[in-house]
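What you see is a predicted model; the values in this text were computed from it and never measured. Throughout, protein chains are lettered first and strands after them, A, B, ... in sequence-line order, and every chain is numbered starting at 1.
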Amino acid sequence: MERVISNHYCILPGHFYPVLKLRAYTQLGVIRNYCKGDSVVLPGEVVNKVIFVLAGKLGVSFLNEDGRQKFMFYVDPFTFADRLFAIEECFVHVVAEEDSTVCFFENEPLLRVLQEDRELLIEFITCYASKCTYFMREAKELVLYRPSARVLRLLYELCRAQGKECPQGYVIDQRITQKAISEITGVHFVTISRLFRYLKEENILQKQANKIIVYDLPRLRALIEEEELRF
DNA sequence: CCATTAATATATA
DNA sequence: TATATATTAATGG
């Protein structure tokens, strides 16, 4: 059964292309469980394993010398945090966002099965490709658009990509917090809160805990194109 | 824990 | 210098 490998353009930093075939090889790795909040990789720790998630979710952040940090992405089931080749001086922090089960694959056995199993190799590369696409988008957005425009564009693209028509307009079934949107876009959480208040007051969209209802997609589009935005 | 709000400071065009 | 965004701090769900 061949899966379609096109259109894995990720707007949010998770749900990258899943490497389902790697599930068949977990006996080659070491399985461990983590509780929500546990560190899976500490900043500065050198790991040369691929961390394949079987259940739950991990979060990956970069920490800087000055104490600042940037959230990078979520590792959902059947995707991985990669240290296939160890990186020195890598201040990455990998934390269990939920109770999670992961499988650690050592470099050599994994490279061997990737060579033996062509389908697995294709999935593995496709997972990397979807992640690469996400980060290219993020880099482009950061350079080209101001903070509030980045949030509006994210919402607009989410609506276009996965919004379902409903009586009020479109509904985006996405459980995402304002804090997460803040981390993804690099916009301060207070600014995010004010922006959502404005969008609600203007009857453009409303964010609830587990969904976003878009009432007026054309106006959302128009706001993105406006030079000024007062909220 | 997450979200809201106001007051104030800083950054940027 | 005007406007956008960040920061801080207090407060509530």
*Reading nucleotides 7-13 of chain C 5' to 3', which nucleotides get B (base under 4.0 Å from a protein heavy atom), which S (sugar-phosphate only), which -?*
BB-----
*Reading 5' to 3' through nucleotides 8-13 of chain B, protein heavy-atom contacts under 4.0 Å coded B for base, S for sugar-phosphate only, - for none*: ------
Please table the atom pairs, donor to acceptor, closer than 3.5 Å between any side-chain atom in residues 27-34 of chain A and protein atoms at least two apart or in another chain.
unit_1 : atom_1 : unit_2  : atom_2 : d
N33(A) : OD1    : T101(A) : OG1    : 2.7

Please list every donor-acceptor pair under 3.5 Å in which a side-chain atom of residues 37-54 of chain A meets a protein atom from a residue at least two apart or in another chain.
unit_1 : atom_1 : unit_2 : atom_2 : d
D38(A) : OD2    : C35(A) : N      : 2.8
S39(A) : OG     : H93(A) : NE2    : 2.7
E45(A) : OE1    : L42(A) : N      : 2.7

Table please: side-chain donor-acceptor pairs of residues 181-191 of chain A below 3.5 Å, with sequence neighbours left out.
unit_1  : atom_1 : unit_2  : atom_2 : d
S182(A) : OG     : V187(A) : O      : 2.7
S182(A) : OG     : F189(A) : N      : 3.4
T185(A) : OG1    : I181(A) : O      : 2.7
T185(A) : OG1    : V187(A) : N      : 3.4
H188(A) : ND1    : V190(A) : N      : 3.1

Indicate every side-chain donor-acceptor pair of residues 199-212 of chain A with a distance under 3.5 Å to a residue at least two apart or in another chain.
unit_1  : atom_1 : unit_2  : atom_2 : d
E202(A) : OE1    : R219(A) : NH2    : 3.1
Q206(A) : OE1    : Y215(A) : OH     : 2.8
K207(A) : NZ     : I176(A) : O      : 2.7

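In summary, the aromatic rings of Y17(A) and F78(A) are positioned with their centroids too far apart to meet the 6.0 Å limit.
Side-chain N/O atoms of T177(A) include none lying less than 4.0 angstrom from OP1 or OP2 on dC1(B).
The interatomic distance linking K207(A) (NZ) with dT4(B) (P) rounds to 8 Å, in whole Å. Rounding to whole angstrom units, CG of residue L223(A) and C1' of dA4(C) are separated by 15 Å. Whole-Å rounding puts the N210(A) CG to dC2(B) C1' distance at 15 Å. The distance from atom CZ of R150(A) to atom C1' of dT5(C) is 10 Å, rounded to the nearest whole Å. Rounding to whole angstrom units, CD of residue Q208(A) and C1' of dC2(B) are separated by 16 Å. Atoms CD1 (I192(A)) and C1' (dA6(C)) sit 12 Å apart, rounded to a whole Å.
Hydrophobic cluster membership for M136(A): none, as no Ile, Leu, Val, Met, Phe, Trp or Tyr side chain comes under 4.5 Å of it. Counting Ile, Leu, Val, Met, Phe, Trp and Tyr side chains that sit under 4.5 Å apart, directly or through other members, L144(A) shares a hydrophobic cluster with V143(A), Y145(A). Cluster partners of V95(A) are absent, since no Ile, Leu, Val, Met, Phe, Trp or Tyr has side-chain heavy atoms less than 4.5 Å from it. If you chain together ILVMFWY residues whose side-chain heavy atoms come under 4.5 Å of each other, F71(A) ends up grouped with Y74(A).
Contact annotation for G186(A): backbone-only contact, meaning every heavy-atom pair under 4.0 Å involves sugar-phosphate atoms and none involves a base. Residue contacts shown for R197(A) are limited to sugar-phosphate atoms, with no base heavy atom under 4.0 Å away.
Under 4.0 Å is where a charged nitrogen must lie from a carboxylate oxygen, and between K36(A) and E97(A) no such pair does.
The overall bend of the helix from dC1(B)-dG13(C) to dA13(B)-dT1(C), read as the angle between its terminal helix axes built from five base pairs each, is 20° when rounded to 10 degrees.
Applying the salt bridge (charged side-chain N to carboxylate O under 4.0 Å, His left out) test to residues at least two apart or on different chains, the pairs with a partner in residues 73-82 of chain A are D82(A)-K131(A).
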